[in-house]
Trainee: 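Have a look at this one before I ask anything.
We number each residue from 1, following the sequence as shown. In listed order, ligands and their atoms are each counted from 1. Nothing here was measured: the structure is a model prediction, and the numbers come from that model.
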Amino acid sequence: MAEEERSFRAPKGTNDVLPPDSHRWQSTMRLAMDVFGRSGYEPVETPTFEHTEVFERGVGATSEVVGKQMYTFVDRGGRSLTLRPEGTAPVVRAVLEHSLQRGALPLKLAYAGPMFRQERPQKGRYRQFWQVGIEALGSDSPVVDAEVIEVGMRFLGEAGVTPELLLNSIGHPDDSCRGGYLDVLRSFLRERTDDMAEDDRERVDTNPLRTFDSKERATVAVMKEAPVITDHLCSDCAAHFGEVRTLLDGIGVTYVLEPRLVRGLDYYTRTTFEFLAGGLGSQNAVGGGGRYDGLAESLGGEPLPGIGFALGVDRILLASEDEGAASSGVDVYVVAVGEGAAGEAFRLVTDLRRAGLGADLDLAARSMKGQMKQASSSGARWAAILGEKELASGTVTLKDLETSDQRELPRDEVVGAVLA
Ligand code: AMP
């Protein structure tokens with residue numbers, strides 16, 4: 001067997017999250033669910049794969065994600081399944097399946113988990129990546145839009161990212177609103193097709209809004225002159241957007257109006273937004289979201305307005321100013337050498353753990369010096385030392401690794417001393 005066939009590597013575009021980085025990664029996910037929970041968003045988990053139709057009908061067949069990026073497979077029962085590329089369509093599917101919309105509204109749900117898209121990998125863009133997100137279902141009140149955006153801003157702030165908020169409204173699909181605008185946009189683009197990059201020309205008919213997302217210089221130049229949606233909103237959508245802005249102004253959330261902001265997934269209506277962060281190069285969006293008032297109906301349900309966002313954990317960590325390693329969770333490292341030390345150390349570490357403290361010990365028979373080194377790299381505040389002297393006298397030397405102060409105390413007082 002050739003050498004390369006014997007050594008395995010993770011699939012292209014995926015990451016192993018390893019210590020010490022895994023601490024920051026996990027604490028960011030926890031922080032998200034904590035911040036969301038404090039605003040009334042309850043945790044929800046859905047399967048990592050769904051029937052392919054959930055995304056085809058939910059996210060939309062003309063979107064890049066569904067058309068080009070899904071990991072779709074046929075299982076042994078002949079069903080077409082897809083690893084979820086995003087979290088909103090699955091959450092709405094679950095709500096409808098379990099009729100949660102019959103209960104008190106709005107439903108406020110939060111999730112954290114891996115998503116899968118077969119994109120060309122680069123810094124900040126992976127094939128398995130992690131999102132945290134919230135969804136508020138069952139209300140079209142602008143207060144919900146403002147709340148969702150504020151929750152996102154606050155979490156990102158607590159996670160060490162100071163985002164720029166781009167805000168837009170893309171109206172609703174009827175001819176009186178976005179439908180009419182799309183006709184205007186299409187006519188404009190048809191006149192200018194020859195000036196656009198070749199790859200973007202096909203979109204003029206299939207998904208004209210997406211031409212705003214093009215990174216091709218020729219297309220970008222054309223789009224600068226294109227008519228914008230905000231000049232064509234119906235009066236209801238315009239008023240709704242006005243209220244969202246007033247509410248955000250009222251709580252001091254600043255934003256940049258970006259009438260060319262269109263989001264990649266087809267289900268969006270009305271308010272759309274994106275959070276941008278510096279230091280990420282071309283993948284500068286840490287998250288985004290918007291209203292999706294028609295999604296429940298696309299999935300076969302009754303009308304159920306909704307709004308939410310998804311934030312990319314991988315990018316939050318890349319953008320975070322808070323580079324400090326999160327705590328490892330170990331408060332006390334037990335250092336023990338000498339006759340009978342291993343058993344005593346194990347008893348002490350168990351006492352500490354049973355008292356709810358984080359505790360660890362040497363399991364490799366290191367020297368005293370080696371164990372002290374382990375103690376300091378463990379991130380523990382305290383070393384509990386069991387040397388020959390302590391073993392003989394039933395005591396422990398408790399060393400504060402920050403100040404280097406130490407004192408000897410009876411073994412049954414260690415837990416109390418650490419907790420004090
Ligand atoms: P979207 O679901 O496309 O609106 O993406 C929301 C956020 O998820 C983005 O702003 C990114 O932070 C993150 N994200 C989306 N796709 C990827 C990817 N392929 N790799 C890493 N993060 C991603």
Trainee: Which of the atoms in ligand 1, numbered in the order shown and given with their element, are less than 4.0 Å from a heavy-atom of F129?
Mentor: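 Atoms satisfying the 4.0 Å criterion: 14 (N), 15 (C), 16 (N), 17 (C), 18 (C), 19 (N), 20 (N), 21 (C), 22 (N), 23 (C).
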
Trainee: Can you tell me the protein heavy atom closest to atom 4 (O) of ligand 1 and the distance?
Mentor: R263 NH2, 2.4 Å

Trainee: Please report which non-hydrogen protein atom sits nearest to atom 13 (C) of ligand 1, along with the residue it belongs to and the distance in Å to one decimal place.
Mentor: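 For atom 13 (C) of ligand 1, the nearest protein heavy atom is G312 CA, 3.6 Å.
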
Trainee: I want to know if ligand 1 touches Y268 in the polar sense, i.e. an N/O pair below 3.5 angstrom.
Mentor: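 In this structure, Y268 places no N or O atom under 3.5 Å from an N or O of ligand 1.
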
Trainee: Check each of K108, E147, R154 against S39 using the side-chain hydrogen bond (donor to acceptor under 3.5 Å, both in side chains) test, and report the only one that passes.
Mentor: R154

Trainee: Would one find an N or O of L311, backbone or side chain, under 3.5 Å from an N or O of ligand 1?
Mentor: no

Trainee: Just jot down the ligand 1 atoms closer than 4.0 angstrom to any heavy atom of A285, in number order.
Mentor: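 Counting from 1, the qualifying ligand atoms are 9 (C), 10 (O), 11 (C), 12 (O).
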
Trainee: Working to the nearest 0.5 angstrom, can you tell me the gap between F55 CZ and Y267 OH?
Mentor: 9.5 Å

Trainee: For atom 12 (O) of ligand 1, which of L318, L276, V286 has the closest heavy atom?
Mentor: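 Of the listed residues, V286 has the closest heavy atom.
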
Trainee: Report yes if D314 has an N/O atom closer than 3.5 Å to an N/O atom of ligand 1; otherwise report no.
Mentor: no

Trainee: Which residue owns the protein heavy atom closest to atom 8 (O) of ligand 1, what's the atom, and how far is it?
Mentor: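 The closest one turns out to be Q131 NE2, 2.9 Å.
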
Trainee: In Å, rounded to the nearest 0.5 Å, how long is the span from CG of L261 to CG of L166?
Mentor: 6.0 Å

Trainee: Classify the ring geometry of F273 against F309: parallel below 30°, tilted from 30° to 60°, perpendicular beyond 60°.
Mentor: perpendicular

Trainee: Which protein non-hydrogen atom lies closest to atom 20 (N) of ligand 1, naming both residue and atom, and how far is it?
Mentor: Y126 N, 2.8 Å

Trainee: Passes side-chain contact (heavy atoms from CB on, under 4.5 Å), L257 versus R245? Steps please.
Mentor: CA-CA 10 Å; L257 290 176; R245 289 183 343 236; 3.5 Å; yes

Trainee: Start with the C-alpha distance between N168 and E274, add both sets of side-chain angles, then the distance that settles side-chain contact (heavy atoms from CB on, under 4.5 Å), and finish with yes or no.
Mentor: CA-CA 9 Å; N168 193 22; E274 209 152 81; over 6 Å; no

Trainee: Only heavy atoms of A310, strictly under 4.0 Å: list the atoms of ligand 1 that pass.
Mentor: 6 (C), 7 (C)

Trainee: For atom 21 (C) of ligand 1, what's the nearest protein heavy atom and its distance?
Mentor: G124 O, 3.2 Å

Trainee: Should E86 be counted as touching ligand 1, given the test is an N or O pair under 3.5 Å?
Mentor: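 No; every N/O pair is 3.5 Å or more apart.
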
Trainee: Run the salt bridge (charged side-chain N to carboxylate O under 4.0 Å, His left out) test on R347 and D351 for me, step by step, so that the C-alpha distance in whole Å, both residues' side-chain angles and the decisive distance to 0.1 Å come before the verdict.
Mentor: CA-CA 6 Å; R347 256 194 296 279; D351 282 347; over 6 Å; no

Trainee: Are any of the N/O atoms on G287, whether in the backbone or the side chain, positioned under 3.5 angstrom from an N/O atom of ligand 1?
Mentor: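 Between G287 and ligand 1, an N or O pair is found under 3.5 Å apart.
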
Trainee: Considering only heavy atoms of E119, which atoms of ligand 1 have at least one such atom less than 4.0 Å away?
Mentor: 16 (N), 17 (C), 18 (C), 19 (N)

Trainee: Compare R117, R127, M115 and give the one whose heavy atom is closest to atom 2 (O) of ligand 1.
Mentor: R117

Trainee: Can you find a pair of side-chain heavy atoms, one from D145 and one from V148, that are under 4.5 Å apart?
Mentor: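 They are not in contact (no side-chain heavy atoms under 4.5 Å apart), so the answer is no.
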
